[in-house]
Amino acid sequence: MPTAYFTIITHAPGKIILLGEHAVVYGQPALAVPVSQLRATAMLVPAPQCIIDAPDLRRRYPLSAALPDDPIAAAIRLTWNRYAPAGKAPHFELTLTSTIPIASGLGSGAAMSAAVVRAVAGRLGHVLEPAEVSALVFETEKILHGTPSGIDNTVVAFEQPMWFISGQPPQPVTVSGAFHFLIGDTGQPSPTKITVGDVRRAWQANPARYETLFAEIGACVTQGRAALSIGDHYGLGMLMNLNHSLLQALDVSNNTLDTLTQVARDAGALGAKLSGGGRGGNLIALVEEAAAERVRAAWRAAGVRAIHATTLE
Ligand code: MEV
């Protein structure tokens with residue numbers, strides 16, 4: 001019987017953590033924002049068997065040959081098993097591309113999984129609610145990150161700025177006015193699984209010190225939410241700087257991130273911090289429009305590989 005023709009294309013955005021990374025794994029709140037300029041795209045076309053083609057990862061392989069810890073294969077299987085009629089096997093070629101740098105704190109893994117989940121569900125005639133996408137992507141995040149808080153899958157699935165506490169329903173964030181952020185890529189890949197694992201070991205060795213730091217980060221996030229809601233740019237900038245210092249104390253920053261956050265502040269940014277797992281990856285700076293070009297130029301001169309801009313309003 002000829003296969004019906006179909007092409008399905010789906011997307012999911014990247015993300016930045018505005019405040020609260022790492023502490024969020026330990027029950028503190030965090031604020032995260034989707035970055036729609038950066039995104040993962042999944043395309044499904046008919047094929048005699050299920051093939052995964054991931055040119056950015058330089059990989060093309062049948063689903064049947066995927067390794068047990070392959071998050072793309074997991075996203076396909078989880079979605080297919082949830083929504084396909086019993087006994088029906090997947091027959092499609094999935095091409096997965098992404099403009100989100102890998103292992104750089106911008107949620108590339110969660111975005112790729114979200115695009116795959118949406119495409120596979122689409123193949124089965126389902127348009128999923130964000131919470132359904134988020135729950136399936138969370139399962140793939142466990143493969144990628146070990147003990148994820150759930151913030152990455154939440155923000156890429158809901159595609160809205162989110163106040164997030166692990167295990168509680170996420171809340172969209174109220175924002176007064178416009179907050180402009182620059183995102184700078186250090187060009188140093190840093191898998192989140194490693195920094196999250198290191199923080200866990202350090203917390204186990206010294207729970208009192210780490211829990212104090214987590215609580216201080218949580219307080220920054222609570223104040224940051226208030227700053228966003230009243231349009232307090234200076235307040236938010238100060239909280240980003242403070243959050244960066246607390247991340248230094250957690251030992252997830254490095255010389256490059258410390259230098260580049262200072263370069264941004266010296267060039268007029270209201271605040272700057274690492275964003276995501278740390279020890280490389282990306283940093284973010286809050287800028288007034290008038291200072292944006294100065295910060296960009298200073299970052300370029302200091303060796304930042306790529307700069308993106310996003311506005312929260
Ligand atoms: C990663 O984007 C944020 C971390 O807090 C890890 C997590 O929340 O799962 C470092």
Side-chain angles (χ1 to χ4, degrees), residues 12-35 38-40 71 98 100-114 134-168 170-171 181 183-186 188-203 210-211 213-218 220-221 224 240 243-244 246-254 257 273-284 308 310:
K15 69 95 200 1
I16 51 173
I17 307 273
L18 207 51
L19 295 166
E21 52 275 269
H22 287 291
V24 67
V25 176
Y26 299 85
Q28 297 293 335
L31 287 164
V33 178
V35 180
L38 298 172
R39 58 186 188 167
S98 175
I100 311 167
I102 292 166
S104 69
L106 294 178
S108 70
M112 284 198 223
S113 293
S134 180
L136 288 166
V137 175
F138 184 54
E139 296 305 311
T140 69
E141 287 283 285
K142 288 184 197 162
I143 297 173
L144 268 178
H145 292 174
T147 54
S149 63
I151 193 167
D152 287 15
N153 46 285
T154 299
V155 71
V156 306
F158 282 83
E159 302 189 54
Q160 293 184 57
M162 284 291 179
W163 163 269
F164 177 85
I165 298 178
S166 195
Q168 297 184 13
Q171 295 172 19
F181 297 95
I183 306 166
D185 190 348
T186 62
Q188 301 171 339
S190 174
T192 301
K193 189 174 188 164
I194 293 176
T195 51
V196 168
D198 287 352
V199 171
R200 181 163 294 276
R201 278 182 287 281
W203 165 66
Y210 274 75
E211 276 158 28
L213 291 169
F214 296 150
E216 285 174 20
I217 292 175
C220 261
V221 182
M240 288 170 66
N243 193 168
H244 186 77
L246 293 164
L247 290 162
Q248 287 174 317
L250 291 184
D251 194 25
V252 294
S253 191
N254 66 7
L257 289 163
K273 64 179 278 291
L274 71 82
S275 182
R279 299 230 192 95
N282 276 267
L283 69 159
I284 56 173
H308 299 280
T310 192

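In listed order, ligands and their atoms are each counted from 1. Please read these numbers as outputs of a predicted model, since none were measured by experiment.
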Item to complete: Using distance alone, determine whether T192 and ligand 1 share an N or O pair under 3.5 Å.
Response: no
Worksheet, complete the sentence: Heavy-atom nearest pair, A111 first then P13, reads CB-O, 3.3 Å
Worksheet item: Which atoms of ligand 1 have any heavy atom of V24 under 4.0 Å away?
Response: 5 (O), 8 (O)
Practice prompt. Go through ligand 1 atom by atom and flag the ones less than 4.0 Å from a non-hydrogen atom of E21.
Written response: 5 (O)
Worksheet item: Below 4.0 Å from any atom of ligand 1, is there a heavy atom belonging to H145?
Response: no
Practice prompt. Using the side chain to side chain contact (heavy atoms under 4.5 Å, CB included) rule, take M162 and K15 through it: C-alpha gap first, then chi angles, then the decisive distance, then the call.
Written response: CA-CA 11 Å; M162 284 291 179; K15 69 95 200 1; over 6 Å; no
Discussion item. List ligand 1 atoms under 4.0 Å from P148, heavy atoms only on the residue side.
Written reply: 9 (O)
Fill in: Nearest heavy atoms of V221 and W163, plus distance in Å
CG1-CZ3, 3.7 Å
Item to complete: Kindly give the heavy-atom pair with the smallest separation between Q160 and V155, and that separation in Å.
Response: O-CG2, 3.5 Å
Discussion item. Counting only heavy atoms, tell me which of L106, T154, V25, D152 gets closest to atom 1 (C) of ligand 1.
Written reply: D152
Fill in: Non-hydrogen atoms of D185 and P101 that approach each other most closely
OD2-CG, 3.6 Å
Worksheet item: Between L274 and V252, what is the shortest heavy-atom contact and its length?
Response: CD2-O, 3.6 Å
Worksheet item: Short list, please: which atoms of ligand 1 are under 4.0 Å from a heavy atom of K15?
Response: 2 (O)
Worksheet entry | Heteroatom proximity flag, T147 to ligand 1, N/O under 3.5 Å | no
Item to complete: Among all protein heavy atoms, pick the one closest to atom 4 (C) of ligand 1 and tell me residue, atom and distance.
Response: H22 N, 3.9 Å
Worksheet, complete the sentence: Note: ligand 1 atoms sitting under 4.0 Å from heavy atoms of S149 are 7 (C), 8 (O), 9 (O)
Worksheet item: Is a donor on one side and an acceptor on the other found under 3.5 Å between the side chain of R279 and the backbone of D251?
Response: yes
Discussion item. Among T192, I17, L250, which residue satisfies the side-chain contact (heavy atoms from CB on, under 4.5 Å) criterion with H22?
Written reply: L250
Worksheet entry | Residue I151 vicinity, atoms of ligand 1 by number, heavy atom under 4.0 Å | 8 (O)
